[in-house]
Amino acid sequence: MSAVIEARSLSKRTGRATLLDNVGLTVTAGEMVAIIGPNGAGKSTLLRLLSGDLRPSAGEVLMKQRDISSYTPRELAGRRAMLSQHINVTFPFAVEEIVLMGAGERSAREAGALVDAALDEVGLAHFRDRQLPTLSGGEQQRAHFARVLVQLACGEAEHGPGLLLLDEPTSSLDLRHQIDLVEAARRRAAGGTAVIAILHDLNLAIRFADRLIVLNGGRLAADGLRSEIVTREIIHDIFEIDAVVRRDDDGVPYVLPQSMRAIETGI
């Protein structure tokens, strides 16, 4: 499969702080990748660099073999869609209006079917006329996800399989809607979209993607299949906790963290 996004020797510095240090990776069409690591590891910085929202201090990002800095904002919007971690909308836009924003310059008539499908997929069709600020945090997150799905669909209709970037997309969602979002992303990957997500829930990350990228201290600590990455030793080294790693009937690993008090006292 061809590379949709590639980072080469990517670094980002601000003042004397190094946020990201010499990171390289390649994600191909149809691949689902989860980025994991402790707070401050550089995960969001990496995602913003891959999206083109940030410029690297060193290295380069290539989107479909072309330097991402050479794309105009409109060209980027047609080739990658990103759900950011924090989105604050205070104006009284209706949910349907927010989702339609993903269609760019397309009219409501042109993009109506895509908006309807996205609202159905995130379970907000019955809230389409509600003002966004009146919704709960999780419902607002789902509305923004629907907007991103519309943007992705519009871009892929014109340019072929693109890139979907998700920065902690499940942080405001209950368990059911976490699974719904993950499954929606998996459906996009099955259609050829390259999907990259930052996830703090290790077990959700394992279920989300076969491939895990681990960042620690701004450096690439590990990159591989979940069967290779999810080990007691790596979890201890990266997250500084002890954990039991088990496997389900399908051989998929899952993590049972243990408390630090139990480790220190032997309880």
Side-chain angles (χ1 to χ4, degrees), residues 1-85 148 151-152 155-156 159-169 185 188-189 192-200 205-206 208-226 228-230 234 237-238:
M1 299 289 287
S2 60
V4 173
I5 195 78
E6 181 179 1
R8 296 179 177 175
S9 303
L10 206 59
S11 296
K12 181 63 178 179
R13 293 180 293 275
T14 176
R16 295 183 178 181
T18 298
L19 306 181
L20 209 66
D21 188 12
N22 196 33
V23 171
L25 61 89
T26 299
V27 180
T28 60
E31 191 172 12
M32 293 186 65
V33 175
I35 302 175
I36 62 175
N39 291 338
K43 302 184 296 297
S44 292
T45 298
L46 174 59
L47 209 67
R48 292 184 65 195
L49 288 166
L50 294 177
S51 75
D53 288 343
L54 279 182
R55 294 290 182 92
S57 303
E60 60 181 352
V61 176
L62 303 179
M63 180 179 289
K64 295 187 175 181
Q65 288 78 52
R66 176 178 161 189
D67 192 307
I68 200 167
S69 65
S70 69
Y71 288 94
T72 66
R74 180 177 295 181
E75 288 174 331
L76 271 181
R79 290 162 175 83
R80 64 96 178 94
M82 180 169 174
L83 181 62
S84 299
Q85 182 177 357
V148 167
Q151 179 188 345
L152 184 70
E156 291 188 332
H159 304 291
L163 175 66
L164 176 59
L165 301 168
L166 305 170
D167 190 352
E168 297 187 38
R188 298 314 183 279
T193 304
V195 183
I196 307 174
I198 295 172
L199 293 168
H200 276 298
I206 293 165
F208 174 87
D210 292 320
R211 178 179 166 203
L212 302 177
I213 291 173
V214 185
L215 292 182
N216 192 24
R219 288 182 169 272
L220 183 64
D223 180 355
L225 300 176
R226 59 191 176 189
E228 303 167 344
I229 300 301
V230 184
I234 289 180
D237 291 344
I238 299 301

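Being a predicted model, the structure only gives us computed values, none of them experimental.
The closest side-chain heavy-atom distance from V214 to I229 is below 4.5 Å. In this structure the side chain of E6 never reaches within 4.5 angstrom of the side chain of E60, judged on heavy atoms. Residues I196 and L166 have side chains not in contact (no heavy-atom distance under 4.5 Å, counting atoms from C-beta outward).
In this structure, D53 CG and R55 CZ are separated by 11.0 Å, a value rounded to the nearest 0.5 Å. Separating the OG1 atom in T45 from the CG atom in L20 is a distance of 6.5 Å, to the nearest 0.5 Å. Going from atom CZ of R79 over to atom CD1 of I68 covers 11.0 Å, rounded to the nearest 0.5 Å. Considering OG of S51 and CG of L163, their distance stands at 8.5 Å, rounded to 0.5 Å. Atoms CD1 and CD, from I198 and E168 in turn, are 6.5 Å apart once rounded to the nearest 0.5 Å. Residue L19 holds its CG atom at 8.5 Å from CG of L54, rounded to the nearest 0.5 Å.
A salt bridge is defined here as a Lys NZ or Arg NE, NH1 or NH2 lying under 4.0 Å from an Asp or Glu carboxylate O, and D223 with R211 meets this definition.
Between L10 and G59, the shortest heavy-atom distance links the atoms CD1-C, 4.2 Å. Across all their heavy atoms, E156 and T193 have their closest contact at OE2-OG1, 2.6 Å. Summarising the geometry of P56 relative to L49, their closest heavy-atom pair is N-CD2, 3.5 Å, with the distance given to 0.1 Å. Listed here is the closest heavy atom pair of L215 and I238: O-CG2, 4.4 Å. When all heavy atoms of A34 and A209 are compared, the closest pair comes out as N-CB, 3.6 Å. Residue R188 comes nearest to L164 through the heavy atom pair CG-CD2, 4.5 Å, listed as atom of the first residue, atom of the second, then distance.
A donor-acceptor pair is defined here as one N or O able to donate and one able to accept, closer than 3.5 Å; such a pair exists between the side chain of K43 and the backbone of P38. Side-chain atoms of S11 come within 3.5 Å of backbone N or O of N22 as a donor-acceptor pair. Between the T72 side chain and the E75 main chain, a donor and an acceptor come within less than 3.5 Å of each other.
Looking at residues two or more places apart in sequence or on another chain, you find a side chain to side chain contact (heavy atoms under 4.5 Å, CB included) between S84 and M82, I87.
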- request: I would like to know whether N39 and H200 meet side chain to side chain contact (heavy atoms under 4.5 Å, CB included); could you show each step before the answer?
  value: CA-CA 9 Å; N39 291 338; H200 276 298; 3.4 Å; yes
query: Could you walk me through whether V4 and V27 pass the side chain to side chain contact (heavy atoms under 4.5 Å, CB included) check?
result: CA-CA 6 Å; V4 173; V27 180; 5.9 Å; no
field: side chain to side chain contact (heavy atoms under 4.5 Å, CB included) assessment of L220 paired with L25
entry: CA-CA 9 Å; L220 183 64; L25 61 89; 5.6 Å; no
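Within a 6.0 Å radius of CZ in R66, other residues, nucleotides and ligands contribute more than 12 heavy atoms.
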